[in-house]
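Presented below is the structure to which this report refers.
One-based numbering, in listed order, for ligands and for the atoms of each. These numbers come from the heavy atoms of this one structure, side chains and all, not from hydrogens, waters or symmetry mates.
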Amino acid sequence: MRANFKLTRKRVCAMVRADSMTGIRFATTSAKSDFTSVRYKVERGPFAEVTNNHIDYFRRLLGNRTVTDPEECEGYNIDWVKMVKGNSRLVLKPKTSKEVSEILKYCNLNRLAVCPQSGNTGLVGGSVPVFDEIILSMKLMNQIISTDELSGALVCEAGCVLDVLDNHLDDYGLMMPLDLGAKGSCLIGGNIATNAGGLRLLRYGNLHNAVLGLEAVTANGKIINCMNTLKKDNTGYHLKNLFIGSEGTLGIVTKVAIHCPTRPKSINLAFLGLDNFDKVLTTYLLAKKELAEVLSSCEMMDDATMGISVDMLGLQNPLFKRHKFYMLIETSGSNPSHDDEKLTAFVEKAMDTELIIDGTLTGDPTKMRQIWAVRERVGEGCLLDGYCFKYDVSLPLPYFYKLIGALKQRLDMSRIVRISGFGHLGDANLHVIVATPEYDSGIEAQLEPFLFEFISQKKGSVSAEHGIGFKKTNYLEYTKHQSAIKLMCEIKKMMDPNSILNPYKVLPQ
Ligand code: FAD
Ligand code: ZN
């Protein structure tokens, strides 16, 4: 067993190819025809339509950062997975909080609906308009304001790209507390608006914990200053938390203060092959016990997911053979020999007890990037299958993978290209992909509400990290109690009485 493991370890060094986006073609036919409002039969809210007078006002305010060219607007109207499509003819690109404030004040007075957009990598249809809402793009609010090496507090505008912030922090020995496959495109304001989770939530917690303060502009144009760089501030209501995860329905996040942890000196990665899901769970428990404080990520994927990376994207399987399940376990710490010893001891124990069949272990940054790509690029690779129904759910670990079995029994498999399950095992967060050659309303009807009922029965959540957006508004009640939804509606009414901010999203219609 051990020899096999070591052999694999050498092999991965030679075999894994570079992570490259080159040559990837997407099957993008799915959203070409249908507007969201048509496909999902949505009724337009009582909002005004954009007129030339409105456009003149915005031109005076923003100059050529007022985009009306239909071709340029097109990209802002379609989401990353090509699942939803809006019909907005106006994109505004403010550079300051004052400009955001002027825009919202004007839109509120004139009953113009607004769809905030950052990197447009959201996966629940929240970041593009449903009808002709004005798109407020945050891309140009991208200044880093301050970095405090001692406290770890980073202050920046909401439009900074996550990866750019992480690279900036490297110079200070710090890192961003979140990391996700979309890091090269998503913006920190979008991350906060969705309360994004990602690959290391297990170690660094969620954004309610990491965000120290923020500035947001409410629907009437008021700039709400909740900026703060203190780790501890227990003065009154924690208003920043209202905006974290509110998906653009309560205000536009314009500035952020975030606590950034120290960048670890030593990182190691194990990629393991297993033959059943019970062993995946036992291996996770062992990892928690053996790796304790250095465990920074615990991901799992099934073989259908490996198929996306290997067969669709052409990435190399880090192991010799295909297995039913794979785990990716990362450690981060400050003492390379101590961390390496711990990970090796854990893997040896897992092999001795026959939990894992095969595995590879590396601390080499290039090889780790290559192995991570096999997991991180799944979201991108599955689009090559055709149309993807994507779900992001929390389930108690004993039921975690049972959902995939239930779907295989339920769905008409002759119309399905692939069902795959993967995700952040350490956070009990399963991602499900059901791929069809093209958008298939019959399969959607077999999936929903069945999948959400399954989750509700098992006391899970219909959204672990991607949010509710447009796609899940009808299923909020499967996780949230009616009393909580009612209070959410009251808060929305109080903060945005004309409902101009991201209508048709989050709250039940
Ligand atoms: P957008 O998609 O532009 O917007 C998301 C939502 O926030 C929309 O409702 C929008 O209206 C609102 N919004 C945007 N900016 C603001 C603002 N400044 N103020 C108020 N509201 C705003 N998500 C995870 O949680 N974990 C993952 O591991 C993960 N992996 C991913 C991997 C890939 C390959 C992809 C494509 C996506 C992944 N996602 C993941 C989903 C997505 O990247 C996150 O939800 C991300 O936080 C969205 O950021 P964004 O800048 O793209 O925001
Ligand atoms: Zn995820």
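One finds a salt bridge joining Glu330 and Arg200 here, because a Lys/Arg side-chain nitrogen approaches an Asp/Glu carboxylate oxygen to under 4.0 Å. Ion pair Glu157/Lys255 not flagged as a salt bridge, since none of the NZ, NE, NH1 or NH2 atoms sits closer than 4.0 Å to an Asp/Glu carboxylate oxygen.
For the ligand labelled ligand 1, residue Cys115 lies outside the 4.0 Å heavy-atom shell. Remark: distances from the non-hydrogen atoms of Gly469 to ligand 1 are all 4.0 Å or more. For Met138, the closest heavy-atom approach to ligand 1 falls below 4.0 Å. Ligand 1 has His466 within reach: a non-hydrogen atom of the residue lies less than 4.0 Å from it. Not close to ligand 1: Arg377, with no non-hydrogen atom less than 4.0 angstrom away. Under a 4.0 Å heavy-atom criterion, Gly379 is not in contact with ligand 1.
Between the side chains of Ser97 and Glu215, at least one donor-acceptor pair of N or O atoms lies under 3.5 Å.
With ligand atoms numbered from 1 in the order given, ligand 1 contributes 14 (C), 15 (N), 47 (O), 49 (O), 50 (P), 51 (O), 53 (O) to contacts under 4.0 Å with heavy atoms of Gly190. Listed by atom number, the atoms of ligand 1 under 4.0 Å from Leu187 heavy atoms are 51 (O). Short contacts between ligand 1 and Ile252, defined as distances under 4.0 Å to a heavy atom of the residue, involve ligand atoms 19 (N), 20 (C). Residue Ala196 has at least one heavy-atom neighbour below 4.0 Å for each of these atoms of ligand 1: 25 (O), 47 (O). Residue Ala193 approaches ligand 1 through these ligand atoms, each under 4.0 Å from one of its heavy atoms: 7 (O), 12 (C), 13 (N), 16 (C), 20 (C), 21 (N), 22 (C).
When non-hydrogen atoms are compared, ligand 1 lies under 4.0 Å from the side chain of His424 (C-beta onward) but not from its backbone. Only the side chain of Asn502 comes within 4.0 Å of ligand 1, counting heavy atoms alone; its backbone N, CA, C and O stay farther away.
Between Leu384 and Leu313 the shortest side-chain heavy-atom distance falls below 4.5 Å.
Among protein heavy atoms, atom 32 (C) of ligand 1 sits closest to Ala182 N, 3.7 Å. Nearest to atom 27 (C) of ligand 1 among the protein's heavy atoms is Glu465 OE2, 3.3 Å. Scanning the protein for heavy atoms near atom 28 (O) of ligand 1, the closest one is Gly198 CA, 3.3 Å. Closest to atom 41 (C) of ligand 1 among all protein heavy atoms lies Thr121 O, 3.7 Å.
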For this session: Could you go through the side chain to side chain contact (heavy atoms under 4.5 Å, CB included) check for Lys492 and Ser499 one step at a time?
Result: CA-CA 8 Å; Lys492 169 75 178 175; Ser499 276; 4.0 Å; yes

For this session: Check the pair Phe389 / Tyr391 against ring-ring contact (aromatic ring centres under 6.0 Å, His included), numbers first and verdict last.
Result: CA-CA 7 Å; Phe389 295 96; Tyr391 299 95; 7.1 Å; no

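Polar contact check, Thr194 against ligand 1: a nitrogen or oxygen pair lies under 3.5 Å apart. The N/O atoms of Gly122, backbone and side chain alike, include one that comes under 3.5 Å of an N/O atom in ligand 1. No N or O atom of His431 sits closer than 3.5 Å to an N or O atom of ligand 1. Every N/O-N/O distance between Asp179 and ligand 1 stays at or above 3.5 Å. Some N or O of Asn191 is nearer than 3.5 Å to an N or O of ligand 1, by distance alone. In terms of polar-atom proximity, Ser185 is not counted as a contact of ligand 1, lacking any N or O under 3.5 Å from an N or O of the ligand.
Just one of Leu109, Asn108, Asn110 meets the side chain to side chain contact (heavy atoms under 4.5 Å, CB included) condition when paired with Tyr106; it is Asn110.
Residue side and main chain included, His424 places an N/O/S atom under 2.8 Å of the Zn ion (ligand 2). At a cut-off of 2.8 Å, Glu465 is counted among the residues with an N, O or S atom near the Zn ion (ligand 2).
Ring orientation note: the planes of Tyr504 and Phe47 are nearly perpendicular, at an angle over 60° on the 30°/60° scale.
Remark: Arg39 qualifies as a cation-pi partner of Tyr439 under the 6.0 Å distance and 45° angle criteria applied to the six-membered ring. By the 6.0 Å and 45° rule, Lys505 does not stack over the aromatic ring of Phe470.
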